[in-house]
Amino acid sequence: MQYKILIVDDDREMLKMLKSFFEIKKYSIFTAEDGMEAMKMLAVDPDIILLDVNMPQLDGMEVCRRIRDKVACPILFLTARVDEQDRVNGLLSGGDDYILKPFSLKELDARITAHLKREERHKTKSEYRFQGELLIDYTAKTVQINGNDLELTKLEYGIIEFLSMNPGLVFDKERIYEKVCGYDGEGDSRVVTELIRRIRKKMSLQTEKEYIETVWGMGYKWTK
């Protein structure tokens, strides 16, 4: 299978370099130089999107917010920004990973490979989990409570999937972040805190039961 990568960056030299590198790796490459063009290119149905944050008119985070409900593939931000809050905002806008410029092509290739393999594992799962009023469909990546679908972002679902598949085990924020996002999550614990707050809020509209329990000083666990 030849995976399709959509690369979005207003730096033409960057686009040219990445296109050449990943075509050698046997990927099918599509490019866009701005956010509006990127949204039109979704028609190619990419398997993964590399999205520059700093672009004129429509920046990468806004593009991600607009397309996240329309595409299920991983979105990796490429950016020169180093502020922690920028990383938090990027991931909460729907991104799956964050890589800082200048970056190693070897590292970028490794992260893309990891995300694509993770997507393949998700696609091959055919498991349901029932827990009273709760139903998790690991194939469709959906969660229902009392027959009502929860509207979850990709990362919110990822946290539910990871914790629910390891009920009763306690994981700290960094471990949860690493398992859901696929790389070292040190320093990004605020992302997990905010995502779990959002998950609990959505669940509370359907049930009084707490499925994610806080273990003070240690982390979180899925209740059995």
Side-chain angles (χ1 to χ4, degrees), residues 3 47-51 64 68 71-78 84-100 103 106-131 134-144 150-203 210-224:
Y3 289 109
D47 295 296
I48 196 165
I49 299 173
L50 305 184
L51 184 58
C64 185
R68 185 70 279 183
V71 298
C73 72
I75 297 175
L76 280 63
F77 283 120
L78 307 177
E84 181 185 25
Q85 188 58 48
D86 287 324
R87 295 200 303 273
V88 171
N89 291 339
L91 292 165
L92 292 179
S93 73
D96 298 281
D97 206 338
Y98 213 98
I99 187 164
L100 297 178
F103 49 76
K106 184 177 181 181
E107 179 188 1
L108 179 59
D109 185 30
R111 292 198 185 193
I112 287 173
T113 299
H115 280 284
L116 290 174
K117 285 183 177 178
R118 188 174 299 110
E119 289 298 301
E120 285 300 314
R121 287 197 297 270
H122 285 320
K123 289 177 183 177
T124 57
K125 286 179 182 174
S126 56
E127 183 180 350
Y128 297 87
R129 176 153 299 180
F130 294 90
Q131 192 172 344
L134 177 76
L135 167 63
I136 303 175
D137 183 337
Y138 295 114
T139 303
K141 299 183 184 180
T142 59
V143 180
Q144 289 185 347
L150 296 187
E151 294 186 4
L152 301 167
T153 67
K154 189 171 183 178
L155 290 183
E156 288 167 357
Y157 170 79
I159 287 176
I160 290 176
E161 178 180 274
F162 173 60
L163 292 179
S164 66
M165 294 187 77
N166 297 278
L169 299 181
V170 180
F171 297 96
D172 61 29
K173 297 173 185 177
E174 288 73 21
R175 176 64 170 164
I176 294 171
Y177 186 89
E178 180 183 355
K179 292 300 293 184
V180 172
C181 296
Y183 66 101
D184 184 8
E186 184 178 357
D188 292 281
S189 60
R190 287 187 301 166
V191 174
V192 172
T193 301
E194 176 62 17
L195 289 171
I196 289 179
R197 185 192 69 80
R198 294 185 184 189
I199 292 168
R200 284 171 166 166
K201 183 177 180 181
K202 293 176 181 180
M203 285 184 161
E210 286 277 357
Y211 287 95
I212 299 177
E213 180 181 339
T214 300
V215 182
W216 296 108
M218 298 179 66
Y220 300 95
K221 71 176 181 178
W222 190 266
T223 59
K224 289 187 175 181

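All figures in this text were calculated on a predicted structure; none of them were measured in a lab.
Considering every non-hydrogen atom in both Lys202 and Thr153, the closest pair reads NZ-N, 4.3 Å. The two residues Cys64 and Gly95 come nearest to each other via the heavy atoms SG-N, 3.5 Å. Considering all non-hydrogen atoms of both residues, Thr142 and Tyr157 come closest at N-CE1, 3.9 Å. The two residues Leu169 and Lys221 have their closest heavy-atom pair at O-CB, 3.1 Å.
Atoms OH and CD1, on Tyr177 and Ile159 in that order, are 10.5 Å from each other to the nearest 0.5 Å. With rounding to the nearest 0.5 angstrom, the CD1 atom of Ile136 is 8.5 Å from the CD atom of Glu161. Separating the OH atom in Tyr211 from the CG atom in Leu134 is a distance of 4.5 Å, to the nearest 0.5 Å. Considering CZ of Phe103 and CG of Leu78, their distance stands at 5.0 Å, rounded to 0.5 Å. To the nearest 0.5 angstrom, Ile212 atom CD1 is 4.5 Å from Ile199 atom CD1. Taking OG1 of Thr214 as the reference point, atom CD1 of Ile196 lies at 7.0 Å (rounded to 0.5 Å).
With respect to Arg200 and Glu210, a salt bridge is recorded, a charged nitrogen being found less than 4.0 Å from a carboxylate O. Classification of Arg68 and Glu156 as a salt-bridged pair fails, no side-chain N sitting under 4.0 Å from a carboxylate O.
Arg175 places no side-chain N or O within donor-acceptor distance of the main-chain N or O of Val170, the cut-off being under 3.5 Å. Between the Asp96 side chain and the Ile75 main chain, a donor and an acceptor come within less than 3.5 Å of each other. No side-chain donor-acceptor contact under 3.5 Å links Lys154 to the backbone of Gly94.
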- Could you go step by step and tell me if Leu50 and Leu108 meet the side chain to side chain contact (heavy atoms under 4.5 Å, CB included) rule? CA-CA 10 Å; Leu50 305 184; Leu108 179 59; 4.2 Å; yes
Q.
side chain to side chain contact (heavy atoms under 4.5 Å, CB included) for Glu174 and Glu178? Distances and angles first, verdict last.
A. CA-CA 6 Å; Glu174 288 73 21; Glu178 180 183 355; over 6 Å; no
- Walk me through it: do Tyr138 and Met165 pass the test side chain to side chain contact (heavy atoms under 4.5 Å, CB included)? CA-CA 10 Å; Tyr138 295 114; Met165 294 187 77; 3.6 Å; yes
- Would Asp137 and Gln144 satisfy side chain to side chain contact (heavy atoms under 4.5 Å, CB included), going step by step from the backbone distance to the final call? CA-CA 8 Å; Asp137 183 337; Gln144 289 185 347; over 6 Å; no
